[in-house]
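Report on one structure; see the data block that follows.
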Amino acid sequence: PSSIRFAVDESPPPLLSAGLGLQVVMLIIASIALTPIVVLRAAGVDLERASWTIFAAMLVSGLTTMLQARPLGRFGAGYVLFMGTSGAFIAVGISAVMDGGLPLLMTLVAVSSLFQFYFAGRLSTLRRIVTPTVGGTVIMLIAVSVFPIAFELLNKVPESLRAVPYAAPITATTTFAVIIGIALFGTHTLRLWAPLIGILVGCAVAGWFGMIDLSHIRAQPWIGLPAAAWPGFDLSFDRRFWALLPAFVIVTIVDLIETYGDATAIQRVSHRRDRAVDFRSVQGAMYADVLGNLFSGLAGTLPATTYATSIAVVEITGVAACRVALYGGAFLTIIAFSPKIVSLLLAVPDPVAGGYIILVLIMLFGQGLRLVAENG
């Protein structure tokens, strides 16, 4: 508590708030973009259609981040809780896109969010049904089911590099090794930047091998809408929908439990003095998470969730003021309307994305294992 420079209800200078907000955006932007990119590439969706999904992910993440900072009614926590796409939906997302394309994914995300609304208003019921042991096991199973998909990305290289069999393994290994090295041996502050630095180094290696094509980026405008159109809904509600709906509901409930933990943790680091957890604020964070999932389904992207990065940034900087999240959410919203930046994110080669996602899955598995072990 003594390290707090600006508490949650205080107002730091605008320039400081904007700088910290932009810093957090730089930390999480790769995660927000790469999760839907992995899903669409694994399902065989072309990059032009993927541009809409990235646009929707940035837009929903920005708007819900601002909602968490400045609640509207019962929606929002009133704390610095940055939002972004959830890696827990990779496996079910790939299944939905492969079975029915983006329209089926949109319908499943929107409908499953309605179940989240029910459980967000009944915390006691939720915690009895999905115990930490159940939730942790589901998280581990999600990670295990996505591993083969992540390894397939390591083999996807341009035709011109088929004769260079070591290009993809070197690129993926470099990405993975840089992130791990910084996470293990870097300073506490530098560790936050480990994923972004690893992706940039991996892209540099991929560029040296000739994997990156930037020609399509130059033609994109700085401000505008993506070239792809809104995918629309699949309202047939056929066998594919009912077969995948239970999986989506389970993952959304597990996702809600993660938000519960983040909303509790952020309160512990945002005040000058220790105080009891405000469960109304926790419930507000969960409602905002659910609204973000509903918006994600309507907009055409993967569900959003709170990022634990928010807690680490507040601990390191000592700035817990909501103004930081307001600026950060605004930056994410602006980036969404920049086709050039979205195209740059789509240019990340598959081996780099694969190396990063494998690390995310290892962390996801560890999180599930910790949930199971810590609760008997």
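Start at 1 with the first residue, then count along the sequence.
Between F337 and L59 there is a side-chain heavy-atom pair separated by less than 4.5 Å. Contact annotation: the side chain of Q267 approaches that of Y79 to within less than 4.5 Å [non-hydrogen atoms, C-beta and beyond]. In this structure, the side chains of N293 and Q116 come closer than 4.5 Å at one or more pairs of heavy atoms.
A donor-acceptor pair is defined here as one N or O able to donate and one able to accept, closer than 3.5 Å; such a pair exists between the side chain of S310 and the backbone of F82. In this structure, the side chain of Q68 engages the main chain of A77 through a donor-acceptor pair within 3.5 Å.
Annotation for V97 and V39: closest pair CG2-CG1, 4.2 Å, computed over non-hydrogen atoms.
Checked against side chain to side chain donor-acceptor pair (under 3.5 Å), Y356 has the following partners two or more places apart in sequence or in another chain: S31. Qualifying ring pair (Phe, Tyr, Trp, His ring centres under 6.0 Å) partners for F241, counting only residues two or more places apart in sequence or in other chains: F237.
Atom CG of L184 has more than 12 heavy atoms from other residues, nucleotides or ligands within 6.0 Å. Within a 6.0 Å sphere centred on CE of M98, heavy atoms belonging to other residues, nucleotides or ligands number 12 at most.
With no hydrogens or angles considered, a side-chain donor-acceptor pair links T305 and D255 at under 3.5 Å.
Ring planes of F75 and F117: perpendicular class, angle over 60° (limits at 30 and 60°).
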Would you list the atom pairs, donor with acceptor, under 3.5 Å between side chains in residues 322-334 and any protein atom, with sequence neighbours excluded?
residue, atom, partner, partner atom, Å
R323, NH1, P12, O, 2.6
T333, OG1, G329, O, 2.8

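For the atom pair OG1 of T53 and CG of L302, the computed distance is 8.0 Å after rounding to the nearest 0.5 Å.
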